[in-house]
2 protein chains.
Amino acid sequence: MDSATQILEIAERRMRQVGYNAVSYRDIAAEMGVKSASLHYHFPKKEDLGVALVRRYANNFRAHLAASTNGEVDPQTAIAAFVDICRHALTEQHLVCLCAVLGAEAPGLPHPVTIEVKNFFNDNIAWLAARYEALGFKGAIDHARTTLALLEGAMIISVVNDDITIFNAAVKSIQEKLT
Amino acid sequence: MDSATQILEIAERRMRQVGYNAVSYRDIAAEMGVKSASLHYHFPKKEDLGVALVRRYANNFRAHLAASTNGEVDPQTAIAAFVDICRHALTEQHLVCLCAVLGAEAPGLPHPVTIEVKNFFNDNIAWLAARYEALGFKGAIDHARTTLALLEGAMIISVVNDDITIFNAAVKSIQEKLT
DNA sequence: GTCTATAAGATGATAGAC
DNA sequence: GTCTATCATCTTATAGAC
């Protein structure tokens, strides 16, 4: 794993725990065993790191989605795969969605970072909407919107409570509509 | 308005925009026209300010709820009042719930602050659950959980998008279940 | 209650050696 | 690519005068 990737890996995990401003170049460098000046070679400004972080996260998310739904997968299973990505992060890593954290502090982030977060939300609403549409839902776009909002909110509350009960309730609600 | 209240007022608005770590004593003091040292007289440590902030927010939220549902109000109207408090903050002030923001960065906050955030979530889930129960809902507690998660998530995404469409979709989803 | 003054430490960032 | 060295600035926080 090259340095740039390692930086992104560490920064993502930390930001998903404590937010953008609470993560410093020093912290990341210390965990890597290098000096903070080295990070500036790869990401000159923190804004550059933030943008790269969200882009990579969005791409990885899309890749996981594609891997879980390759071949001819029915829309119902595809939506379940979407939910499972969130569940996996929550149960295996105790992490919420990167964009839930950054979205919560969006007005305080460098504008280019906020734009990436916004894109993540809209891209995934569109992805979900296409599946709801394929299932013949009336108001597919609104079902997509509530599904994403529900997952993002439930992840946050679940981590605060250190209890996935609320996430499970959210999943149940999504699944009930699918049947 | 006394100084302590003024500090809380300014700190709340700013933290609901940019998060806990991005708000400094200096910023708040500058907006008040005083020096940052003065703030430490009222709230010696930032953690004290954080705790007071969430407690006041939770109390105000509860007070607004009580004011909107005084007398004999049916549970359906009570839940609608809950939703309207969120809507009002979003449309009139472009602010999300304080606990949505702090919840997103919870593992990085002083522990006493996180506890207050956790209490806010649990208190309001209980409040909503009591209303769903009164309406005869099966799994009232899970309906309460999804309602809160949905509102919190929708507020975040709405602010990022500067568009209340997603919040409106969330409200529609809550209302549909109530009919 | 608010001020001045000050402290110790963190922060993002850069220049230049290796 | 990573290092040392350095920077200006910001951060929370305290002591003591008014």
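Quick note on labels: first sequence line is chain A, next is B, and so on, each numbered from 1. Please read all numbers here as calculations on a predicted model, not as lab measurements.
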Legend entry - side chain to side chain contact (heavy atoms under 4.5 Å, CB included) partner of A:T147, the single match among A:I125, A:L128, A:L178: A:L128
Of the nucleotides [options], which one has an atom closest to the side chain of [X]?
X	options	answer
B:K35	C:dC3, D:dC3, D:dG1	C:dC3
B:K45	C:dG12, D:dT14, C:dG1	D:dT14
B:A37	C:dT2, C:dG12, C:dT4	C:dT4
A:H42	C:dA13, D:dT2, C:dC3	D:dT2
A:K46	D:dC3, C:dC3, C:dA13	C:dA13

So, is [X] close to the [N] phosphate, meaning a side-chain N or O under 4.0 Å from OP1 or OP2?
X	N	value
B:S36	D:dA13	no
A:S24	C:dT11	yes
A:S38	D:dG1	no

Return the value, rounded to whole Å, for the distance between atom [atom1] of [X] and atom [atom2] of [N].
X	N	atom1	atom2	value
A:R26	D:dT11	CZ	P	16 Å
A:Y25	D:dT9	OH	P	20 Å
A:H40	D:dT6	NE2	P	18 Å
B:L39	D:dT12	CG	C1'	11 Å
B:M32	C:dG1	CE	C1'	11 Å
A:F43	C:dT14	CZ	P	15 Å
A:L109	C:dG12	CG	C1'	16 Å
A:I28	C:dA10	CD1	P	16 Å

Under 3.5 Å donor-acceptor, [X] side chain and [Y] backbone:
X	Y	answer
B:T5	B:M1	no
A:K46	A:V23	yes
A:H64	A:N60	yes

Inset, instruction - Select base, sugar-phosphate, or nothing to describe what A:Y41 touches, counting heavy atoms under 4.0 Å on all strands. - result: base
Inset, instruction - Name the orientation class of the two ring planes belonging to B:F137 and B:H143 (parallel below 30°, tilted from 30 to 60°, perpendicular beyond 60°). - result: perpendicular
